[in-house]
Number of protein chains: 2
Amino acid sequence: MGAVKTKRMPRAVREQQMLDAAVRIFGQRGYMAASMDDIAELAGVSKPLVYLYLNSKDDLFLAVIRREAAALTEAVRTAVRLDQPADRRLWDGLLAFFTHTARHPDAWSVLHLHARTHGEPFAAEVTAMRAEIVTFVTRLIAVAAREAHRNPDLADHEVAGLAEALVGAAESLAAWANTGDGVGARQAAATLMNFAWAGLGSLMAGRAWSPPAP
Amino acid sequence: MGAVKTKRMPRAVREQQMLDAAVRIFGQRGYMAASMDDIAELAGVSKPLVYLYLNSKDDLFLAVIRREAAALTEAVRTAVRLDQPADRRLWDGLLAFFTHTARHPDAWSVLHLHARTHGEPFAAEVTAMRAEIVTFVTRLIAVAAREAHRNPDLADHEVAGLAEALVGAAESLAAWANTGDGVGARQAAATLMNFAWAGLGSLMAGRAWSPPAP
């Protein structure tokens, strides 16, 4: 027997391989259609080993959601440096988001789609991740508005709404970019940055749009 | 027996009552947890009658998706009048969207959430509805850009991306407004209009944001 075959893989490494396989199967087929047989096969291990390490299909799904949610928020957070100007921070965050979702399309499908509709505890994990990102973006916008010094009247709920809008737009564009129309991460980020920054920039300069009377 | 009790209800009316009940049960519990017993009870009819009219849980779910998708697109389309200026058209469309989703939160949950992750033919219906709305918004933006006469270089894929961003932002804000933070339809529409119009307005005036070199 060669050295490669006899060498035992550390548990942590094998577990990550199982999670890698699970992301792909869950992401491409959804929770219901995903089978533990296929996940074990793709990971190159036996099914009992998957159960031994991850316990159940539910626990495996939850572990996938947690790992991928942490990876996505981490990617966005580390890309944004607070010593940069406001528009550069927003650009860096968006580019990191679109780059990550383009590189990990199956993970994005799990988070954006499949994790949301199979009840708890799955939906709560994604809700928490999304809330964390919205809070992060809300703070970015609030700081940018303060720096602009031009519109101190941008109310808290208005900033929260803008952050919700921005995150929703990013989610939509990530799915659009991933359908393979040839729109890369950079293009998606530039489109949203233009949409968002020109708009936020106008707002911060006090150039708001006024609705007609009801 | 009184006149009310003996009067037979036309099939079309009864069917709509069943669909009303189904929207509520599917929207609040999701596809898997929804039971035909509960739907029949809420509609005030026997379960066999539901099967007689709607055939199966799958067919009932599909009928709900089709009815609610048609109602939502109809609400947005009829609100937008082409003799209005571009910003007014966008405002009217957004206000109609948020008013409709606020009045029909269960229908919105079905379309935005539950219909997407139970395979075909359900997902295809929502994808088609969304594509129709994105196309409609894309045309609104393209016409507005043409009217502005200032930025003929707003490329087709850029307009398509802006429409995707706008629709995603609207979806996100509809869910946010429906969580009951006291943000009404008008406020949600005003927030997005400010975000979108100030941004699109700047773009059309040729004030684009430029990304830093890679």
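Note: hydrogens, waters and symmetry copies are ignored here, and every other heavy atom, side chains too, is used. A note on names: the letters A, B, ... follow the listed sequences, proteins ahead of strands, and every chain is numbered from 1.
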Problem set entry | Heavy-atom proximity to chain B below 4.5 Å, by part of L113(A) | both
For this session: Mark yes or no for whether T191(A), through its side chain, and L162(B), through its backbone, hold a donor-acceptor pair below 3.5 Å.
Result: no
Exercise. Is any side-chain heavy atom of M32(A) less than 4.5 Å from a side-chain heavy atom of M32(B)?
Worked result: yes
Problem set entry | Proximal component of R29(A), with respect to chain B [non-hydrogen, under 4.5 Å] | neither
Problem set entry | Side-chain heavy atoms of R116(A) within contact of H114(B), under 4.5 Å | no
Exercise. So with a 6.0 Å cut-off around CD of E15(B), is the heavy-atom count from everything else above 12?
Worked result: yes
Problem set entry | Within 6.0 angstrom of E41(A) CD, more than 12 heavy atoms from elsewhere | no
Exercise. Do you know which two heavy atoms are closest between A165(A) and A169(B), and how far apart they sit?
Worked result: O-CB, 3.3 Å
Seminar exercise, completed: Looking only at heavy atoms, the pair that brings E164(B) and S172(A) closest together is O-OG, 2.7 Å
